[in-house]
Amino acid sequence: MSIDRKQEIMDAAIHIFARKGFNGSTMQDIAEGCGMSKATLYQHYKSKDQLLLSIFHMINDRLYVKLQASMNREHGDSADSLRQQIELQLRESLANRDLIRMLITENPNAYTEEVVKASGSMRARMIRHFEQMFKQVYGPEIEPYAVELVFSMFALLEQFSVLIILENVAIDITELSRYILKLLGYMAEGLMGDNGVKPILGVHNYPEYLLCEMPEPETDNVENLICRLYRKADCLGESGKKEQDIRNSILMLDHELKSSSPRRIIVQGMLHNLLQVGALSELAGRLAALPGIKRYLD
């Protein structure tokens, strides 16, 4: 299935899920929405649950790559990088308002255990990302409270998204991102400044999805493999210049492949760098083997 056709099916599904609810939608509705027979749709997706999972992976992977890229671009100013990432999440919610509206209003019991488990794993990935960001912004002293601070940020983002998307409240997104960053700063300062406060959450009572291995995205394509390279780089334990060189290679490769005319020498050079990193070589090799990438290497 071509990428454009896949995107067309997912776009139609998001629109129908938002209008009729996930539980009230059928594969027939989705097939009609993208102008194909139900039999043809079933050749691409076995069920609407599988389709919803593909939508979740697509949106989550795109957001994760953008967050990683933002973190790398603003390496010298971690607080402003965090603010930009807060703004990015808000803007992504607005860009996917139909899906967000469905997620807010749908009965959670409508989703299968597989969908719920995958959603938790994707949420865990975001929590780990921002846990790392908070340590960069507030220092190592925030570590015992970092996960709880991430939950606090998610709660603020969710409630303001409800106001903007469901209640049509007009809010300047950039100003809101500054406000949320300031609130997080007050919370971090208060927690670190009071030795009597103990964190509520810890390994002993983390949600199960924070203790489990996160599943890989379901297919090999450029976006998913770039996402996995970022994730793998997070687990390398490298520091200093070597860590930044690895991240810069992923970032430059990502940007180059998204440009209208990728430069062969940049694609070749960044892939070569990543193939030399033992823990990343397998993913980099799979990326290099994709038909759309091989032409830059021949």
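For the numbers below, each heavy atom of this structure counts, side chains included, while hydrogens, waters and symmetry mates do not. In what follows, residues are counted from 1 in the order of the sequence shown.
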Below 3.5 Å, can you tabulate the donor-acceptor pairs from side chains in residues 150-170 to any protein atom, sequence neighbours excluded?
from	atom 1	to	atom 2	distance (Å)
Ser152	OG	Glu148	O	3.0
Ser161	OG	Leu157	O	2.7

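The minimum heavy-atom distance between Ile14 and Leu99, with the atom names listed, is CG2-N, 3.9 Å. When all heavy atoms are compared, the tightest approach of Glu141 to Tyr138 is OE1-O, 3.8 Å. Of all heavy-atom pairs between Phe134 and Ala146, the closest is CD1-O, 3.7 Å. The nearest pair of heavy atoms linking Leu184 to Leu149 is CD2-O, 4.0 Å. For the residue pair Ala288 and Ile293, the shortest heavy atom distance occurs at CA-CG2, 4.0 Å. Taking every heavy atom of both residues into account, Ala188 and Ile142 meet most closely at CB-CD1, 3.8 Å.
A heavy-atom distance below 4.5 Å is found between the side chains of Phe17 and Ile55. Inter-residue side-chain proximity for Lys135 and Glu131 is flagged as met; some heavy-atom pair is nearer than 4.5 Å. The shortest side-chain heavy-atom distance between Ile100 and Leu94 does not fall under the 4.5 Å cut-off. The shortest distance between side-chain heavy atoms of Leu181 and Arg178 does not fall below 4.5 Å. Considering only heavy atoms from C-beta on, Ile226 stays 4.5 Å or farther from Asp61 through its side chain. Annotation: side chain of Asp11 is not in contact with side chain of Glu8 (no heavy-atom distance under 4.5 Å). Under the 4.5 Å side-chain criterion, counting only non-hydrogen atoms from C-beta, Tyr45 is in contact with Met10. Counting heavy atoms from C-beta outward, Val147 and Phe130 have side chains that stay 4.5 Å or more apart.
In this structure, a donor-acceptor pair under 3.5 Å is absent between the side chains of Thr174 and Ser177. The closest side-chain donor-acceptor pair between Gln89 and Gln85, if any, does not fall under 3.5 angstrom.
Of the possible donor and acceptor atoms, one in the side chain of Ser25 sits under 3.5 Å from a partner among the backbone N and O of Gly21. Judged purely by atom type and a 3.5 angstrom limit, Asp172 uses its side chain to pair as donor or acceptor with the backbone of Glu175. Checking side-chain atoms of Lys48 against main-chain N and O of Phe22 turns up a donor-acceptor pair under 3.5 Å. With hydrogens and angles disregarded, no donor-acceptor distance shorter than 3.5 Å links the side chain of Asn60 to the backbone of His57. Judged by distance alone, the side chain of Arg264 and the main-chain N or O of Arg295 form a donor-acceptor pair under 3.5 Å.
Residue Asn205 holds its CG atom at 10.5 Å from CG of Leu210, rounded to the nearest 0.5 Å. Remark: Asn273 CG to Ile246 CD1 distance equals 9.5 Å, nearest 0.5 Å. The distance from the CE atom of Met133 to the OG atom of Ser78 is 6.0 Å, given to the nearest 0.5 Å. Residue Met270 holds its CE atom at 8.0 Å from CG of Leu253, rounded to the nearest 0.5 Å. Atom CZ in Arg123 sits 11.0 Å away from atom CE in Met126 (nearest 0.5 Å). Taking CD1 of Ile16 as the reference point, atom CG of Leu51 lies at 9.5 Å (rounded to 0.5 Å).
A 6.0 Å sphere centred on CE of Met27 holds more than 12 heavy atoms belonging to other residues, nucleotides or ligands. Heavy-atom neighbours of Gln28 CD from other residues, nucleotides or ligands within 6.0 Å: above the threshold of 12. No more than 12 heavy-atom neighbours from other residues, nucleotides or ligands sit within 6.0 angstrom of CZ on Arg263. The 12-atom threshold is exceeded at NZ of Lys20, counting heavy atoms of other residues, nucleotides or ligands nearer than 6.0 Å. Counting non-hydrogen atoms of neighbouring residues, nucleotides and ligands closer than 6.0 angstrom, the CZ atom of Phe56 exceeds 12 such neighbours.
Between Glu92 and Lys66 there is a salt bridge, since at least one side-chain N of the basic residue sits less than 4.0 Å from a carboxylate O of the acidic one. Salt bridge absent: Arg19 and Asp29 never bring a charged side-chain N and a carboxylate O closer than 4.0 Å.
For the pair Arg128 and Tyr206, the cation sits on the ring face: its NZ or CZ lies under 6.0 Å from the ring centre, inside 45° of the axis.
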I would like to know whether His272 and Gln276 meet side chain to side chain contact (heavy atoms under 4.5 Å, CB included); could you show each step before the answer? CA-CA 6 Å; His272 174 77; Gln276 303 310 303; 3.4 Å; yes
Run the side chain to side chain contact (heavy atoms under 4.5 Å, CB included) test on Leu290 and Leu225 for me, step by step, so that the C-alpha distance in whole Å, both residues' side-chain angles and the decisive distance to 0.1 Å come before the verdict. CA-CA 10 Å; Leu290 292 178; Leu225 286 168; 3.8 Å; yes
Begin from the C-alpha positions of Leu63 and Leu67 and carry the test side chain to side chain contact (heavy atoms under 4.5 Å, CB included) through to its verdict. CA-CA 6 Å; Leu63 175 58; Leu67 292 171; 4.0 Å; yes
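Linking Ile, Leu, Val, Met, Phe, Trp and Tyr whenever their side-chain heavy atoms come within less than 4.5 Å leaves Leu275 and Ile265 in two separate clusters.
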